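These notes concern the structure reproduced below.
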Protein chains: 2
Amino acid sequence: MSRALPPLRLLTAFAAVARTGSIQAAAAELNVTQPAISQAVRQLEDHAGVALLDRARRPARPTDAGQALATAIAQGLGQIAEALDALREADLQRDSRVTVACSVGVATYWLMPRLAAFYKAHPDLFVNVVTTPNGVPALGDGIDIAVRYGHGRWSDGLVRHLFDEEVRPVCAPALRARFAGPVPPGSVSLLHVRTPETSWVTWDEYLRLTGLPPVRRGGQTFTNYVQTTQAALDGHGLMLGWRSITGALTAAGQLVDAGLPPLAPRDAFYLVARTKRGGRAVETFADWLVTRSDPA
Amino acid sequence: MSRALPPLRLLTAFAAVARTGSIQAAAAELNVTQPAISQAVRQLEDHAGVALLDRARRPARPTDAGQALATAIAQGLGQIAEALDALREADLQRDSRVTVACSVGVATYWLMPRLAAFYKAHPDLFVNVVTTPNGVPALGDGIDIAVRYGHGRWSDGLVRHLFDEEVRPVCAPALRARFAGPVPPGSVSLLHVRTPETSWVTWDEYLRLTGLPPVRRGGQTFTNYVQTTQAALDGHGLMLGWRSITGALTAAGQLVDAGLPPLAPRDAFYLVARTKRGGRAVETFADWLVTRSDPA
DNA sequence: AGGAAATATAAGCCCATGGTTATCCTATGT
DNA sequence: ACATAGGATAACCATGGGCTTATATTTCCT
């Protein structure tokens with residue numbers, strides 16, 4: 001049955017003697033006087049019950065027993081010190097990283113293009129973007145911030161308004177050119193997005209809310225706005241363009257307004273941040289995104 | 001660059017919390033009050049700069065970081081404790097063992113027969129007998145005691161007188177029976193022992209010192225008294241019987257006095273013990289051997 | 001809403017720790 | 001024999017470590 005360990009000070013004093021080669025050198029390294037180390041090692045020997053130093057030789061050298069113990073001390077305490085360093089390092093890392101969850105469309109056309117400016121302003125921080133294939137982007141293990149479209153009344157985090165949206169039909173220029181006036185929804189292929197998120201406006205809702213006649217189901221259906229946007233760019237039909245997704249493409253002339261009325265939904269985009277365990281990076285990024293947010 | 005380790009008390013307090021499952025249980029195990037452990041873990045967290053316990057749950061549980069650190073503490077301190085235990089164990093072992101060096105003849109006919117009585121008196125001690133093939137039994141690495149025949153004026157250890165010797169010619173009863181008077185040395189085969197040790201009386205010295213006529217070289221020569229004694233037992237000749245070697249055999253009638261005058265050499269048997277690093281067993285055995293020593 | 005259990009906090013205090021200085025002792029080299 | 005270097009010992013003391021008690025706070029269950 002082992003007795004309690006001796007005081008750490010005795011262990012480190014002896015390890016220093018073994019490492020530096022003499023009691024005097026160890027004292028110098030530890031910034032104490034030589035008697036302090038001499039007494040410390042003697043106390044350790046009393047505790048251990050065996051001689052750890054051969055003092056007949058000058059400078060004193062560890063006995064075989066002492067060498068064995070010095071090795072165990074170095075390894076044992078080294079292991080603990082490494083674990084502490086690793087924890088601090090991980091904490092520093094965590095404090096310089098933030099993970100954001102959002103839909104793949106928002107990620108591709110809104111968030112990622114903005115990150116360059118964020119890194120320019122904060123080169124020491126790193127944003128990890130996680131796209132949720134479907135459903136509402138959620139907070140949780142490893143997710144610090146979620147960018148959500150919806151009513152904004154969530155309770156799982158701190159909610160901050162990013163921007164209101166506007167939805168208008170857009171299409172490829174070539175498709176637009178086929179009609180003198182607005183592109184009639186009933187005469188072209190409509191590009192649908194079907195997602196479990198029920199907040200996003202669908203073609204049916206758009207037509208109903210703008211007083212346009214309903215269109216019998218046709219066209220193509222995708223599961224995300226990246227594919228839908230690509231199909232529109234390819235001239236495959238008419239899509240509902242959300243300003244945060246297609247605003248830049250429309251400004252660049254790659255997509256054009258279809259001449260139909262725009263729709264301003266009541267829902268908006270929000271940033272939701274976890275209230276616990278938020279490090280410096282999370283707060284910095286959230287603040288930046290809120291102040292720099294505009295839909296296009 | 002790692003900072004100094006925190007006090008051992010904080011490490012062991014936290015490790016106890018991780019192992020026992022609560023701050024209260026750790027306090028009970030360490031025989032302090034619950035606030036003592038609560039404060040100790042808080043100090044460790046301040047030192048480490050990370051949360052080690054999830055206190056929202058009752059009882060408090062280690063965080064992932066805390067679990068990692070607790071493991072490192074257990075392994076690191078365990079390694080040091082094991083090293084200390086091993087040193088103490090080795091020391092205990094050394095304290096219950098003694099190694100004795102002597103000639104093979106003394107070992108066989110004098111020392112080994114006595115060890116049974118020693119073990120009876122000291123069942124917790126162990127005597128390791130090392131026979132030196134030739135030369136004076138020496139102290140040194142691993143040899144605590146030497147049993148030597150000689151002048152007794154050695155300086156390599158503590159010298160204590162065991163017993164004086166007596167040398168007399170002895171032979172098998174059948175050889176003795178061939179002569180009405182003393183067995184004449186010149187008429188039988190003499191059994192010689194040739195050894196680098198120059199203290200032991202040879203046949204030449206014996207005949208000269210007792211005034212008997214010298215005998216031209218003949219007979220057999222052996223390198224130790226075990227073989228010589230066996231040859232005498234077999235009736236192969238006349239040997240010089242040292243009381244410590246052949247006393248018991250003569251008392252048992254296996255060998256008989258040849259009727260020639262005995263010789264009391266000036267040299268004697270001594271015990272020489274190392275003066276350094278003598279453990280309890282060495283002193284105990286040396287004392288016992290000195291008080292229980294008699295030549296036969 | 002209230003009680004039980006676990007943890008946190010603040011204040012207080014005793015005593016042991018962790019050194020220091022002064023000096024002695026021992027080993028080794030010249 | 002002497003000088004130097006390294007280590008040992010004794011006496012001393014200031015400080016803060018390592019608790020304690022008392023009480024507050026928080027979480028969870030009934």
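These figures come from a predicted structure and were not determined experimentally. Letters A, B, ... mirror the listed sequences (proteins, then strands); counts begin at 1.
Nearest nucleotide to the B/Ala36 side chain, out of D/dT20, D/dG7, C/dA6: D/dT20.
Contacts of A/Phe14 classified as ring-ring contact (aromatic ring centres under 6.0 Å, His included), with partners at least two apart in sequence or in another chain: none.
One distance of note links CG of A/Leu52 with CD1 of A/Ile73; it measures 8.0 Å at 0.5 Å rounding. Taken from CG in A/Leu111 to CZ in A/Arg114, the straight-line distance is 8.5 Å, to the nearest 0.5 Å. Between A/Glu82 atom CD and A/Leu87 atom CG the span is 12.0 Å, to the nearest 0.5 Å. One finds the OG1 atom of A/Thr71 at 12.0 Å from the CZ atom of A/Arg19 (value rounded to the nearest 0.5 Å).
Counting to the nearest Å, the P atom of D/dG7 and the CD atom of A/Gln43 are 17 Å from each other. If you measure from atom NE2 of B/His47 to atom C1' of D/dG17, you get 15 Å, rounded to the nearest angstrom. The separation between B/Asn31 atom CG and D/dG18 atom P is 16 Å, rounded to whole Å. Rounded to whole angstrom, the span from the CG atom of B/Leu30 across to the P atom of D/dG17 amounts to 19 Å. When rounded to the nearest whole Å, the span between CG of B/Leu44 and C1' of D/dG18 equals 16 Å. Rounded to whole Å, atom P of D/dG17 lies 13 Å from atom CG of B/Asp46. Whole-Å rounding puts the B/Ile37 CD1 to D/dG18 P distance at 12 Å. Straight-line distance from the CG atom of A/Leu53 to the P atom of D/dG6: 15 Å, rounded to whole Å.
Using a 4.5 Å cut-off on side-chain heavy atoms (C-beta onward), A/Tyr149 and A/Pro265 make contact. At least one side-chain heavy atom of A/Pro6 sits under 4.5 Å from a side-chain heavy atom of B/Leu84.
Between B/Thr33 and D/dT20 there is a side-chain N or O to OP1 or OP2 distance below 4.0 Å. One finds no side-chain N or O of B/Arg42 lying less than 4.0 angstrom from the OP1 or OP2 phosphate oxygen of C/dT7.
Applying a 4.0 Å cut-off to non-hydrogen atoms, the residues of residues 22-29 of chain A that approach DNA chain D are A/Ser22, A/Ile23, A/Gln24, listed by residue number. A heavy-atom distance below 4.0 Å to DNA chain D is reached by none of the residues of residues 6-18 of chain A. Taken residue by residue, residues 63-73 of chain A places no heavy atom nearer than 4.0 Å to DNA chain D.
Panel note: side chain B/Arg148, backbone B/Pro137; a donor-acceptor pair is recorded below 3.5 Å. Side chain of B/Asp164 to main chain of B/Ala268: no donor-acceptor pair is present (N/O by atom type, distance under 3.5 Å, no hydrogens or angles). Between the A/Thr63 side chain and the A/Ala51 main chain, a donor and an acceptor come within less than 3.5 Å of each other. B/Tyr270 contributes no side-chain N or O that, together with a main-chain N or O of B/Arg153, makes up a donor-acceptor pair within less than 3.5 Å. A/Ser38 places no side-chain N or O within 3.5 Å of a backbone atom of A/Gln34 that could act as its donor or acceptor partner.
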Decide salt bridge (Lys or Arg N to Asp or Glu O under 4.0 Å) for B/Arg88 and B/Asp91; before the verdict, give the C-alpha distance in whole Å, the side-chain angles of both, and the deciding distance to 0.1 Å.
-> CA-CA 5 Å; B/Arg88 294 189 192 101; B/Asp91 189 59; over 6 Å; no

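Note: A/Phe285 and A/Trp288 have parallel aromatic rings, judged against thresholds of 30 and 60 degrees for the angle between ring planes. In this structure, A/His122 and A/Phe118 have tilted ring planes: the angle between them lies in the 30° to 60° band.
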N/O to N/O distances under 3.5 Å, protein versus nucleotides 11-16 of chain C:
none

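Aromatic ring centres of B/Phe269 and B/Trp110 lie farther apart than the 6.0 Å criterion allows.
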Can you check each nucleotide of nucleotides 23-30 of chain D against protein heavy atoms at under 4.0 Å and return B for base, S for sugar-phosphate only, - for none, in 5' to 3' order?
-> ---BSS--

